[in-house]
Amino acid sequence: MSKPSLFVPLGVFALLAMLLAAGFGLDDPHHLPSALIGKPMPEFELVDVLNPDRVIRKEDLLGHVSLINVWATWCPNCVVEHPQFLEISRQGSIRVIGVNYHDDIEKAQQWLQKYENPYWVSVADTEGTLGIDLGVYGAPETFVMDAKGYIRYRHVGPVTRNVWLDTLLPVVDAVKREQVEQTAARG
Amino acid sequence: MIPELGHFALILALGLSLTLAVLPMWGVIKDNRAWMRSASSLAAGMFVFVSISFACLIHAFLQDNFSVDYVARNSNSQLPDIYKVSAVWGAHEGSFLLWILVMSGWTLAVSVLSGSLTLDMRARVLAVMGALSTGFILFILFTSNPFERSLPVFPADGNDLNPLLQDFGLIVHPPMLYMGYVGFSVPFAFAIASLLSGRLDSAWAKWSRPWTNTAWAFLTIGITLGSWWAYYELGWGGWWFWDAVENASFLPWLVGTALIHSLAATEKRGVFKTWTVLLAIFAFSLSLLGAFLVRSGVLTSVHAFAVDPKRGLFILGFLVIVIGGSLTLFAVRVAHIKSKAGFDFTSREALLLVNNMLLVVAAAIVLLGTLYPLGYEALTGGKKISVGPPYFNTIFVPVALVLFAFMALGPFSRWKRTPIEVYRKSLLPLLAISAVIALLFALLYGDSFSAWVVICVFLAALLGTGLLLDGYYRIRSKTAGARLAAVFKQTPSYYGMWIAHLGIAISVIGVCMTSIYSDERDVRMTPGDTVTMGAYEFRLVGVQRIKGPNYIADRGNIQVSKNGEYLLDLHPERRKYLVKGNVMTEADIDPGLFRDLYVALGEPVGTMGAWAVRVHYKPFVRWIWFGGLCMMLGGLITVFDRKYRLVSALKKQRNWVTDTAEVSNA
C-alpha cells in the first residue's frame, strides 16, 4: 500500500514540468513577441549615465529609427555583444540608445570608458523601472524603435554579428523603408 | 564518406543501446541468464560505436571538412589543431555527442567494474543506462545531427570557433562537467534497479557510493574549471555570476553532495533509505534539467546554445518520461521499505540529516531563483522580471554558513549517539582558538574591519582545526612507530572526507577574502603613467601590435614593482580575431598564494596614445579553486577504499566470466 505522501515528489515535478512546458510555449526567448510590439515606447525620465545632471525623456529620442539596448556591467553577455554595437555605431546608419539596467552609475561609467562607448546616449535605469515597463527579462535585450517612438522588434540575448545581419538589420531596413514611403505618400 | 560513417556508427549504437534497454530486462523477467549476461557485451559494443562516431567528427574538424555544416559553423582552417579538436564540443550538436560518449563510457565502466553485483541486479542497472542512452542518441539523431552536410554548395572556409572558447579551460571544462552530470546516471540507475527489484538494502548503498563519489568529484572539478575559466577569460575578474547555466551545474552538485552523505548513513546504519533513493533520482534529474535549460533556450545565458523549439520539446518529453517515470516508480514501490535503526539527536545520523536538509534547502533556493522569472512570466501572462546576484547572495549565503557550522561538528560525531562530553571536550577549545584566529586576522589584515571576514575565517578555522584535532585523536599513540602505523591505518574513506572538508574550508576563505578585499581600478594610462595599489605599483611601459595564428593583438607591457622594487612584467592583450572580427581581452595575471595581480587592456582612449587599463588586486582568489581541487581529490580518494573492492573487481569480473561459462557449459 502506497502512502499518498510518497506522491508528493511526483506532484512537484508535474508542476515543474508544466512550468517548463509553459515557458516553452510562451516564447522563443531570443525573439520574444513582446506585448509591446507595435505599442509606443514607455514614457520615462532618467538621467544620462555619462552626464548625470542631464535628464533624458522619451521625447528626446524621437525622430530617428533607433536600437534600444538594455545593458549592465554585471552582465557577461553585454561584453560579448559589445564589439557589434561599436561596429553598428561606427557605421552610423542607426542610433544606439543604451538603457543601463539595475546598475551602479559609476561602474557603468567605468565600463563605458573601458570598452568604449557605442551609445548615442545611455540612460541610467538604476531602479529598473524602465526595464519593467519594457518587460525586460534580463540583460542584454535589444529593441528596434521607429522614429515615432513605436517598438517594432525585440531581441533577447546578445546581438552577435549574425543576429545583426540576419535579424535586426532587415527589421531596421524595413522600418526605414516604410517611413520613406509614408513621407512620400504624404508629399 | 567519413562523416557518413560517423552517422552510421551512431545509428548502430542506437540499435545496441535499444537492445541493451530491452533484452537484459526481459531476461530478468523471464529469468533467462543468457539475456541478462548480454548486457556486458551490448554495453561494450555501444561504447565502441559511439567512440567511432566521435572520432569521425574529430576527423572532420581536423581535415577542415566544411561540407559538414557543424564544422563550417564552428571551425576555421586557421584554427590551431588543438582548438579544432576542442571545437568538436564547442556548440550544441558536438557537445551532445560528447555527452553520449561519456554516457556510454560510464555504462561500460559499470559493466566492467560491477563484478560484485548479482547477475540480475547488473542486468537491471545496465538496462536502465541503456534506456537513457537510447533517449540521448534518439535526440541527437533526430534534432541535432552533427554530421549533417550542406552539399552541394558549402563554404570555402569556416565561421571560426567563438574566441571565448579558444582556450585551455574550454578544452577540459565540458568533458569534466559532463563526466559529473552523466555520472549521476549511475546512482540513478542503481536506485531504479533497486526499486524495480524491491531490494533497497545497504548493499545497494554500498554499490552506489563509489560511483556517486566519482561523479561528484568530476562535477566538482568541472564547476571549478568553469569558474577559473570565467575569471581569466571573460576579462573582468569575476569568478561566479549566478548565471542560469552555472546554477544548472550547481544544482546537481548540491543535491549530489547531499546524496553522498545520505548514502553514507544508509550504508552504515540502514537509515534514510527512502530519502536516499529520492536524492539519487533528484541528482540525475537536475542534471537533465540543466541540459534542458541550456539546450532548449527557455532561459538565456552566456552559455546557452542556439535555440530550437524542436529540441526543447524533445528534451522536455524525455524529462517527463525519465523523471516522471522514476518518481512514479518511487511512489509505488518505496512504501514497504522501513528504516530499522533509531538514532539520537546527538548522533552522526542526525548531523547528516541536518546536512541534507540544508543542502536541499540551498538547492531549492537556487532552483527557485533560476526558474522564478519563468514562473512569474507564465503566471502573469508575459510580465517579465529578472533575478540577479543580490537574491542569491542574500538568501544562499546564510544557509551555507549554517551548513559550515554543522560541518565542524561532523568529524567528532559518532553513529547512534555521541556523548555530549565528546563535543564539549573537543569543541570548546576549538571555538576559542578559532575566535582568536578570526579576530586577529580581521584586525591585522586589510585596511578595514569586516564582520563577514570574522564570520568566514571563524567558520573556516573551526572546520580546519576540527579536522586537525580529529586527525590527531586518530593517530595519538605513545611511540612514533605506532603513530606512523596509525597514519597508514586510516581508511581512504577517512582521508577523502578529511581532504574534501578541508577543501571547503579553503574555498570559504577564498570566496570571503576575494569578495571583501578585492581592489579594482579602471584607469586611463598613457605610456609612462603609474597606478598604485597598496604596496604594488603598475607602470604602463608601452603597447605594441603583434600577430597571432588567427588574430592580431595590441599587447601592453606593464611593469609591476612592489615597495619600489621591480617585480615583473605583465602583458595583457586585446585580440581581434580575424574571421568574425570579435575583439577579446586576454588578461595577464600574476598568480600568487595570497593574491593575484590581474591586468586587462581595454580600448585605446583619445588620440594621445592613452589606453583604458583595468587593474585588479585579488587576495586569496586561488583558494577558491584550490579548495575545489581538494574536494575533487577527496571524492576520488574515497573510491579506493577496500570495502568497495573496485580494484579487485576486475579480477572478480574475470572469475565471474569463467564461472558463468562453466555454468552454461554444464
Side-chain angles (χ1 to χ4, degrees), chain A residues 1-4 6-14 16-30 32 34-35 72-77 79-80 82-84 86-87 101-102 107 109-111 113-116 128 131-132 135-141 156-158 160-162, chain B residues 159 164 230 234-236 238 241 243 274 278 281-282 285 289 292 296-302 304 307 309 312-313 316 319-320 323-324 327-328 330-336 371 373-375 377-378 382-386 388-389 522 524 580-583 585 600 602-605 612-614:
Chain A
M1 277 292 97
S2 290
K3 280 183 285 178
L6 291 172
F7 285 92
V8 169
L10 185 63
V12 172
F13 171 69
L16 185 68
M18 277 190 280
L19 169 64
L20 292 177
F24 206 60
L26 278 177
D27 43 51
D28 179 352
H30 287 262
L32 295 171
S34 166
T73 58
W74 45 263
C75 145
N77 260 332
V79 183
V80 173
H82 199 72
Q84 188 55 42
L86 286 172
E87 194 184 319
Y101 181 56
H102 272 304
K107 279 191 185 163
Q109 287 167 351
Q110 288 171 358
W111 196 90
Q113 195 188 13
K114 177 182 173 200
Y115 291 107
E116 202 175 313
I132 288 173
V136 165
Y137 180 76
E141 283 195 23
V156 174
T160 58
R161 191 176 171 77
N162 286 348
Chain B
N159 215 357
L164 274 175
L234 288 180
W236 52 298
F241 306 111
D243 164 290
T274 313
L278 199 57
I281 295 174
F282 278 163
S285 301
L289 183 72
F292 174 80
S296 67
V298 162
L299 296 176
T300 52
S301 141
V302 72
V307 176
L313 269 185
L316 186 59
L319 276 175
V320 168
I323 306 177
L327 289 177
T328 310
F330 168 82
V332 176
R333 296 303 295 263
V334 91
H336 58 278
L371 294 181
L374 197 65
E377 190 190 346
K383 280 194 187 164
K384 289 158 187 289
I385 49 155
S386 61
D522 285 292
R524 170 200 176 117
K580 286 184 181 169
N582 309 40
V583 176
T585 335
E603 299 270 341
V605 191
V613 180
R614 166 169 282 204

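Heavy-atom basis, side chains included; hydrogens, waters and symmetry copies ignored. Throughout, protein chains are lettered first and strands after them, A, B, ... in sequence-line order, and every chain is numbered starting at 1.
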> Do you know which two heavy atoms are closest between B:V320 and A:A17, and how far apart they sit?
Replying inline: CG2-CB, 4.1 Å

>> For the CZ atom of B:R614 and the OH atom of A:Y115, what is their distance to the nearest 0.5 Å?
In response: 5.5 Å

> With A:E116, which residues qualify under side-chain contact (heavy atoms from CB on, under 4.5 Å), at least two apart?
Replying inline: A:L86, A:R90, B:E603

> Who are the side-chain contact (heavy atoms from CB on, under 4.5 Å) partners of A:L10, not counting sequence neighbours?
Replying inline: A:F7, B:L327, B:T328

> So, do B:I323 and A:L16 sit near enough that their side-chain heavy atoms are less than 4.5 Å apart?
Replying inline: no

> Is chain A contacted by the side chain of B:I281, its backbone, both, or neither, given a heavy-atom distance below 4.5 Å?
Replying inline: neither

> Which atom pair, heavy atoms only, marks the closest approach of A:P9 to B:F330?
Replying inline: CG-CE2, 4.1 Å

